[in-house]
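Some notes on the structure that comes next.
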Amino acid sequence: MPLYKAPRGTQDILPSEQPYWRFITQKAEALCQLYGYKRIDTPVFEETRLFSRSIGEGTDIVEKEMYTFTDQGKTMITLRPEGTAPVCRAYLEHGLHNAPQPVRVYYLTSIFRYERPQSGRYRQHQQFGCEALGVADPALDAEIIDLVWQFYISVGLRDLTLHLNSIGCPDCRPNYLQALKHHYSQQTGVLCQDCKVRLERNPLRLLDCKNPSCQEIIHSAPKITDFLCEQCAEHFQQVKEYLQDIDIPFTLNPYLVRGLDYYARTVFEVQPGRLTDVGQPTLSQQSTIGGGGRYDLLIEELGGNATPAVGFATGLERIILNLKKQNIVVPPIPEPMVYVAYTGEEGKHDAVKIAAVLRRAGIGAILSMGKRSLKAQLKQANVLGASQAIIIGEDEQRRGMIVLRDLIEGKQREVPYEGIAEAVLPPIDSYQRSAIS
RNA sequence: GUGGGCGUAGCCCAGUGGUCUAAGGCGCCAGGUUGUGGCCCUGGAGAUCGAGGGUUCAAAUCCCUCCGCUCACCCCA
């Protein structure tokens, strides 16, 4: 029983897991470059009021999931529970409205939420997100959705479903909410406890209920897409058309709502698995690997000028979870190719020097440590995946030579001490080339 | 916050009251003659059997409490 353990809901990402992380983060960054999104990093913590204002006072995140504390200067601080609000804050703080619009940025960062951990859910998790601020063009919605979708494709995930909806704007949503409330008020008898609360506090969330008895009410409920104002309907129509232009397969889901208050118009979510029943959510939301939408009012809410924006975020742990479920293999992280072994104390000085010479020549080298038998050293070279071993033996040393052993072919030859880097290079090159192709 | 499952070495796990001073596999370390890997063989290190309390002549094994892990609900990525 170890004395110390990683806090609940957190995890160590050990070297053996790193290939997954490197793989997906490299894919993400390559894609962002392709779409012209630039990296932004914001602080791990912000003033609490930024999040309570943006995410919404009544949301679960703000009510019970934030890591909040008062610092020595009596400031209320919160560990970032989502990525959009800090980006908006930075946009305002640094006058990014003066940059060419839209401002396209992405982040790869830790997110903190105090929740009960379960499969694919952690108190600290990593998100990859993109935000495009300053433009209301529906083509930008399509661009953002295309970007996430291409991201999933580029990491190799299959069988995903893109759920798409529009939740309108402050002009048209009240009409819908009224109709929704009216629909529900006639059936309060069969409502679950949660939905009774939702009816009062956050009616949109009624559509989110998984309770079987509430499902029927949901399916007979009015659809928000029938209540959109002219502008919202037109915007949504164009988003759909642009997505069709670029062959992004989406599933219209009029019951899709999102958990943060700042969304307006376009909302979307990506879930693993295909739907059997079109338009009907069959998977629990917990399996969602990514989501996002428009938040045209958020920046104004935070004190800026009216600035439309759209973005997405996706959970990296959940992506890795699905990569493993789908048996997708990721490329290994290359090991240093040369293992430097030696016998005796005199040999060790040359070993230290040769390892340094190789590294300075750009050749990865692992230096054997401690006093171990040659057998043990070569065994380790093998386990570490080195393609070549340099053996500094006392006999050869006296003649100014060292042994260069090819661990893949099992052949070795003597080469002069001087110019060892040149001797090593060619076989390494060919090996690496074959490993890449 | 609610409910289910589970807690034996770094990992996988056997063992359900005395023969357990806890077995096996992987991994680690060392040997298999004198300076050479991948296979094989041998040996070694590594476990207060999650913690505390109780029942019993006797507990890894039964009971209680706590802690932790895990899965699901809620909600979110």
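Protein chains get the first letters and strands the later ones, always in sequence-line order, with residue 1 at the start of each.
A gap of 13 Å separates the P atoms of B:rG46 and B:rA23, to the nearest Å. Rounded to a whole angstrom, the distance from the C1' atom of B:rA45 to that of B:rG35 is 27 Å. When the P atom is used for both B:rC13 and B:rG1, the distance is 29 Å, rounded to whole Å. Comparing the C1' positions of B:rU48 and B:rU42 gives an interatomic distance of 30 Å, to the nearest angstrom. B:rG68 and B:rG27 are spaced 34 Å apart, taking the P atom of each and rounding to whole Å. As rounded to the nearest Å, B:rC28 and B:rC11 have C1' atoms that lie 12 Å from one another. On the P atoms, B:rG7 is 35 Å away from B:rA77, given to the nearest whole Å. When the C1' atom is compared between B:rC73 and B:rG54, the two are found 35 Å apart, to the nearest whole Å.
Residues A:Ala313 and A:Gly9 both approach RNA chain B. Their nearest nucleotides, taken by heavy-atom distance, put A:Gly9 toward the 5′ side. Of the two residues contacting RNA chain B, namely A:Ala6 and A:Leu316, the nearest-nucleotide position lying further toward the 5' end is that of A:Ala6.
Under 4.0 Å is where a charged nitrogen must lie from a carboxylate oxygen, and between A:Glu345 and A:Lys371 no such pair does. Residues A:Glu46 and A:Arg89 are paired through a salt bridge, judged by an N-O separation under 4.0 Å between the basic side chain and the carboxylate. Salt-bridge check for A:Arg258 with A:Glu269: passed, with a basic side-chain N closer than 4.0 Å to an acidic carboxylate O.
Stems are defined here as 3 or more consecutive Watson-Crick or G-U wobble pairs with pairing distances under 3.5 Å; those involving RNA chain B are B:1-7 with B:67-73, B:10-12 with B:24-26, B:28-32 with B:40-44, B:50-54 with B:62-66.
With sequence neighbours excluded, no residue forms a salt bridge (charged side-chain N to carboxylate O under 4.0 Å, His left out) with A:Asp146. Not counting sequence neighbours, the partners of A:Gln126 by the side chain to side chain donor-acceptor pair (under 3.5 Å) test are A:Ser110. Partners of A:Thr59 according to the side chain to side chain donor-acceptor pair (under 3.5 Å) rule, which considers only residues two or more places apart in sequence or in another chain, do not exist here. Under the side chain to side chain donor-acceptor pair (under 3.5 Å) criterion, A:Tyr152 pairs with A:Thr314, not counting sequence neighbours.
Counting to the nearest Å, the P atom of B:rC71 and the CZ atom of A:Arg8 are 11 Å from each other. As rounded to whole Å, 13 Å separates atom P of B:rC74 from atom CD of A:Glu115. Distance, A:Gln124 CD to B:rA77 P: 17 Å, rounded to whole Å. Spacing between atom CG of A:Leu79 and atom P of B:rA77 amounts to 17 Å, rounded to whole angstrom units. The separation between A:Leu160 atom CG and B:rA77 atom P is 17 Å, rounded to whole Å. Between A:Gln377 atom CD and B:rC28 atom P there is a gap of 16 Å when expressed in whole angstrom units. To the nearest angstrom, P of B:rC74 lies 16 Å from CZ of A:Arg258. Atom pair A:Tyr4:OH and B:rG68:C1' shows a separation of 17 Å (rounding to whole Å applied).
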Worksheet item: Using a cut-off of 4.0 Å between protein heavy atoms and nucleotide atoms, how would you tag nucleotides 30-37 of chain B 5' to 3' with B, S and -?
Response: S-B--BBB
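Residue pairs meeting the salt bridge (Lys or Arg N to Asp or Glu O under 4.0 Å) criterion with at least one member in residues 290-302 of chain A, sequence neighbours excluded, are A:Arg53-A:Glu301, A:Asp141-A:Arg294, A:Arg294-A:Asp296. Pairs of residues two or more places apart, or lying in two chains, that qualify as ring pair (Phe, Tyr, Trp, His ring centres under 6.0 Å) and include a residue from residues 46-70 of chain A are A:Tyr67-A:Tyr114. Within the structure, the side-chain hydrogen bond (donor to acceptor under 3.5 Å, both in side chains) test picks out the following pairs touching residues 8-21 of chain A (sequence neighbours left out): A:Glu17-A:Lys324. Screening residues 387-401 of chain A for salt bridge (Lys or Arg N to Asp or Glu O under 4.0 Å) gives A:Asp395-A:Arg398, A:Arg399-A:Glu414 as the qualifying pairs, with residues at least two apart or on separate chains.
Atom SG of A:Cys130 is separated from atom OH of A:Tyr37 by 6.5 Å, given to the nearest 0.5 angstrom.
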Could you list the protein-to-nucleotides 7-9 of chain B atom pairs, N/O on both sides, closer than 3.5 Å?
none

Identify each atom pair where a protein N or O and an N or O of nucleotides 2-4 of chain B are less than 3.5 Å apart, giving names and distance.
residue: B:rU2; atom: O4; partner: A:Arg116; partner atom: NH1; Å: 3.0
residue: B:rU2; atom: O4; partner: A:Arg116; partner atom: NH2; Å: 3.3

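Note on A:Gln118: every side-chain N or O is 4.0 Å or more away from OP1 and OP2 of B:rU70. Between A:Ser119 and B:rC71 there is a side-chain polar atom (N or O) within less than 4.0 angstrom of OP1 or OP2.
Residue contacts for A:Tyr339: at a heavy-atom cut-off of 4.0 Å it reaches no nucleic acid atom on any strand shown. Counting non-hydrogen atoms under 4.0 angstrom, A:Ile111 reaches nothing in the nucleic acid.
Residues A:Ile144 and A:Phe268 share a closest heavy-atom pair of CG2-CZ, 3.9 Å. Closest approach of A:Pro81 to A:Met66, counting heavy atoms only: CG-SD, 3.8 Å.
For NZ of A:Lys348, the number of neighbouring non-hydrogen atoms (other residues, nucleotides, ligands) closer than 6.0 Å is greater than 12. In this structure, A:Arg39 places its CZ atom where more than 12 heavy-atom neighbours from other residues, nucleotides or ligands lie under 6.0 Å away.
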